[in-house]
Amino acid sequence: MNFSIVRSLRSSSVNPEFELRLSYISTTERDMQIWQLKCPASPHLKKSVCLASIGHRELDVVEIRIRKVLLENGIHLPAGQNNNSISRIPEDLALKLTLLFKAIAPLRKVHNINAIAKGIEEMEREEAAYWIGMVLYRTHPRKVLAALRTLFV
């Protein structure tokens, strides 16, 4: 066996790569997105894909919680207007944030958004992976998201 091939396979990324993008649309509107990047661990992707995003209203409710989790993982997002940022995030965090963004996107009641955010934050890695798999790979994920919301509200 050719050991240089084995060495190059080991050095290549074995985990999917994700980015968190914070964009300021205007002085009052901002958007946060989770992107899965094209990499050797994701050969099915032809280009980077936006998995989920939330707008300014929902983001206002959960931003402190998100920033706290990011700081615990050693990721710092700049504060202030017009500071667009892109940060690489680990897979576990990307799973939970994608699930959070998808679950709270249509909600308006602050109490419900906070309850769902707390529930997703407390999920184990395997449970979050199960739910995100159900949400991302079903043709009609609305029922799955409704079931997830029912668990926490």
Side-chain angles (χ1 to χ4, degrees), residues 13-39 41-153:
S13 177
V14 292
N15 293 326
E17 297 176 7
F18 298 91
E19 281 183 349
L20 176 69
R21 298 180 184 179
L22 177 62
S23 307
Y24 284 86
I25 301 163
S26 69
T27 57
T28 58
E29 291 186 50
R30 62 191 188 287
D31 187 45
M32 195 176 277
Q33 303 170 341
I34 303 291
W35 285 76
Q36 184 173 3
L37 305 178
K38 181 183 181 302
C39 67
S42 306
H44 62 285
L45 294 179
K46 303 297 182 213
K47 60 180 183 175
S48 297
V49 177
C50 180
L51 297 177
S53 67
I54 56 172
H56 61 75
R57 177 155 180 1
E58 296 83 13
L59 186 55
D60 287 342
V61 176
V62 294
E63 184 175 17
I64 293 172
R65 195 180 291 264
I66 291 171
R67 285 185 182 270
K68 179 183 160 212
V69 171
L70 289 172
L71 281 175
E72 289 170 0
N73 285 283
I75 301 164
H76 177 72
L77 291 178
Q81 297 175 352
N82 301 326
N83 285 330
N84 296 340
S85 67
I86 298 175
S87 302
R88 292 278 174 113
I89 57 174
E91 184 178 11
D92 295 347
L93 185 57
L95 290 175
K96 286 188 177 185
L97 289 178
T98 300
L99 190 58
L100 175 67
F101 292 2
K102 293 246 182 214
I104 67 171
L107 299 179
R108 297 292 171 248
K109 293 184 180 176
V110 173
H111 171 72
N112 293 347
I113 291 172
N114 282 326
I116 291 169
K118 182 178 182 242
I120 290 173
E121 187 178 318
E122 293 172 354
M123 276 186 185
E124 295 294 325
R125 179 185 192 277
E126 294 80 11
E127 187 179 6
Y130 168 79
W131 283 104
I132 200 64
M134 296 284 284
V135 169
L136 291 180
Y137 300 110
R138 292 271 176 128
T139 53
H140 304 290
R142 289 177 60 200
K143 290 182 181 180
V144 176
L145 288 169
L148 178 65
R149 289 181 201 113
T150 303
L151 286 174
F152 301 120
V153 177

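Just the heavy atoms: all of them, side chains too, but no hydrogens, waters or symmetry mates, feed the values below.
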Side chains of residues 127-152: which donor-acceptor partners sit under 3.5 Å, not counting sequence neighbours?
unit_1	atom_1	unit_2	atom_2	d
R149	NE	A103	O	2.7
R149	NH2	A103	O	3.4
T150	OG1	A146	O	2.7

Notebook entry, point to check: Donor-acceptor pair, R88 side chain versus E17 backbone, under 3.5 Å?
Noted result: no
Note to self: To the closest 0.5 Å, what do you measure between CZ (R57) and CG (L107)?
What the structure shows: 10.0 Å
Note to self: Using every non-hydrogen atom in the two residues, find where A94 and F18 come nearest and quote the distance to one decimal.
What the structure shows: CB-CG, 3.4 Å
Next item on the list: Would you check if I89 and L70 make a side-chain contact, meaning some heavy-atom pair closer than 4.5 Å?
Entry: yes
Next item on the list: Go through the steps for K109 and V153 under the test side chain to side chain contact (heavy atoms under 4.5 Å, CB included), then give the verdict.
Entry: CA-CA 11 Å; K109 293 184 180 176; V153 177; over 6 Å; no
Next item on the list: Tell me, with the steps shown, if N114 and V61 meet side chain to side chain contact (heavy atoms under 4.5 Å, CB included).
Entry: CA-CA 7 Å; N114 282 326; V61 176; 3.6 Å; yes
Margin query: Under a 4.0 Å threshold between the charged nitrogen and the carboxylate oxygen, would R108 count as salt-bridged to E58?
Written below: yes
Notebook entry, point to check: Just one of I34, L100, V62, I113 clears the side-chain contact (heavy atoms from CB on, under 4.5 Å) bar with I54, so which one?
Noted result: V62
Check: Rounded to the nearest 0.5 Å, how far does OG of S85 lie from CG of L22?
Finding: 4.5 Å
Next item on the list: Assess whether side chain to side chain contact (heavy atoms under 4.5 Å, CB included) is satisfied between T98 and Q36, documenting all intermediate values.
Entry: CA-CA 10 Å; T98 300; Q36 184 173 3; over 6 Å; no
Checklist line | Sub-4.5 Å side-chain heavy-atom contact between P90 and N15 | finding: no
Notebook entry, point to check: Distance from I66 atom CD1 to E121 atom CD, nearest 0.5 Å?
Noted result: 10.0 Å
